[in-house]
2 protein chains.
Amino acid sequence: MGDTRTELIAAAIEVLRESGFSAASARKIAQRAGCNQALVFYHFGSVNDLLVAALEDVSTHRMQAYQRLLDHTGTLADLADSARAVFQADLDAGHVRVLTEMISGAQAVRGLGERVAQVLAPWRAFARDAVRQALAASPVGSLVPPEEVAYAVVAGLLGLEMLVSLDDDREPALALFDRARLLGETLDRLRPRPA
Amino acid sequence: MGDTRTELIAAAIEVLRESGFSAASARKIAQRAGCNQALVFYHFGSVNDLLVAALEDVSTHRMQAYQRLLDHTGTLADLADSARAVFQADLDAGHVRVLTEMISGAQAVRGLGERVAQVLAPWRAFARDAVRQALAASPVGSLVPPEEVAYAVVAGLLGLEMLVSLDDDREPALALFDRARLLGETLDRLRPRPA
DNA sequence: GTCTATACTTGGATAGAC
DNA sequence: GTCTATCCAAGTATAGAC
């Protein structure tokens, strides 16, 4: 199917998800992609450059998925349901894990942290706008700054991913989404029709 | 001062904090501890065993600090203040970072995840009891299960640590603690004297 | 573009002197 | 307990054939 470049990115995502940053070597990624180790350096220059490219790829595609989610949900309860579904999909595909591995792995390599932060930057704005939109129709919407909530949401997703991967048990995390749905229902009932 | 074993553990904590799991080699840790690389294997058997010992050391000491915190705070507002102070101390000393690095690093090594999970297990119980105690006097205390809140709190701390280390900016995280304090004040005011 | 071969580096781990 | 010396495995990166 895809060319070697594309398959290397896909393989890098898989290795990051399954074995983490410290195991994401050129040899292991190339083996997964079914090609030679030297091609990593031909196409991307270095292993870290490939890993950043993989992160950017995941980030772009997931942002689109989240945007579609936001466009099709009205109530907070709907939003909680959709968020739960997307979170499950991310766990299955390892999208969030790619991010957590890159964040912690970036500590070891000079300059890598800045590049990861650059990938994460658009998510700040996206999450802020999403929270603002979601809380606009809520009675508590004017009480909390969207930036703060967005920061907490991103941090929460990262932390949940870490705990889930450690225990290999996503039930406690999913229970929190169910709890959020109940809370959303309550808030929706307080103002069923936005002005 | 301390014997070599103790200094190796201290050095392992420093390296994990500053450079992450993938850079925590026997050579680098021993150099930091001012001793020979072979002593890592003499005292601990393997590098991973040393890293687990370092994590256990941090876990034990921090649990004591958190317990003292809990014993000396009555209102939710007090609790938020204390939590903020402890979180700052943890950031400075890199205690939470040791945990996040071990969680993500454990993905690469068979069996390591289980050992990290064992260290984290007592924190589950501790956080659950702490949340139960803190919410006992609150009007919303009976509405949310302590286990769920505790899970969210632990995940939130992990996520905040990751974002803070990535951006090297703890202000957004500290702002969340200030927000929690305001919320705590409100809840405290609803029931100033517990029954 | 893709491969083989290789130079170079780093790391885990052990043996054995002291 | 601590050191030196060493073996072996794995990784990054490059040169050069095809």
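From a predicted model like this one, the values you see are computed outputs, not experimental measurements. We name chains A, B, ... by the order of the sequence lines, and we start the count at 1 in each one. Side chains are part of it too, since the values below use all heavy atoms of this structure and drop only hydrogens, waters and symmetry mates.
- The nearest whole Å value for the distance from the CG atom in B:Leu8 to the P atom in D:dG1 is 12 Å.
- Considering only the side chain of B:Ala38, C:dA15 comes nearest among D:dT6, C:dT4, C:dA15.
- Taking only side-chain atoms of B:Tyr42, from C-beta outward, the nucleotide of D:dT2, C:dA13, C:dT2 with the closest atom is D:dT2.
- Side chain to side chain, B:Ser22 and A:Ser22 fail the donor-acceptor criterion of an N or O pair below 3.5 Å.
- Out of C:dC3, D:dC3, C:dA13, the shortest distance to the side chain of B:Leu39 is found at D:dC3.
- We find that CG of A:Asn48 is positioned 13 Å from C1' of D:dA13, with the value rounded to whole Å.
- When heavy atoms are screened at a 4.0 angstrom cut-off, A:Ala26 is found touching the sugar-phosphate backbone but no base atom.
- Nucleic acid contact for A:Val40: none, since no nucleic acid atom lies under 4.0 Å from a heavy atom of the residue.
- Looking at A:Ser82, its side chain does come within 3.5 Å of a backbone N or O of A:Asp78 through a donor-acceptor pair.
- Whole-Å rounding puts the B:Phe41 CZ to D:dT6 P distance at 18 Å.
- The side chain of A:Gln37 has D:dA13 as its nearest neighbour among D:dA15, C:dT14, D:dA13.
- Of the candidates D:dA5, D:dT2, C:dG11, the closest approach to any side-chain atom of B:His43 belongs to D:dT2.
- With C:dG11, D:dG1, C:dC3 as the candidates, the nucleotide lying closest to the side chain of A:Asn36 is C:dC3.
- Considering only heavy atoms from C-beta on, B:Arg97 stays 4.5 Å or farther from B:Asp90 through its side chain.
- Checking A:Asp129 against A:Gln133 by side-chain atom types alone, no donor-acceptor pair falls below 3.5 Å.
- A sub-4.0 Å separation between OP1 or OP2 of C:dT10 and a side-chain N or O of B:Ser25 is absent.
- We find that CZ of B:Arg27 is positioned 18 Å from P of D:dT2, with the value rounded to whole Å.
- Straight-line distance from the CZ atom of A:Phe44 to the P atom of C:dT2: 11 Å, rounded to whole Å.
- Here the side chain of A:Lys28 is nearest to one of D:dT14, D:dT2, D:dG11, namely D:dG11.
- In this structure, CD of B:Gln31 is placed 14 Å from C1' of C:dG11, rounded to the nearest angstrom.
- Rounded to whole Å, the distance from CZ on B:Phe21 to P on C:dG11 is 13 Å.
- Straight-line distance from the CD1 atom of A:Ile29 to the P atom of D:dA13: 12 Å, rounded to whole Å.
- In this structure, the side chain of B:Asp188 engages the main chain of B:Ala77 through a donor-acceptor pair within 3.5 Å.
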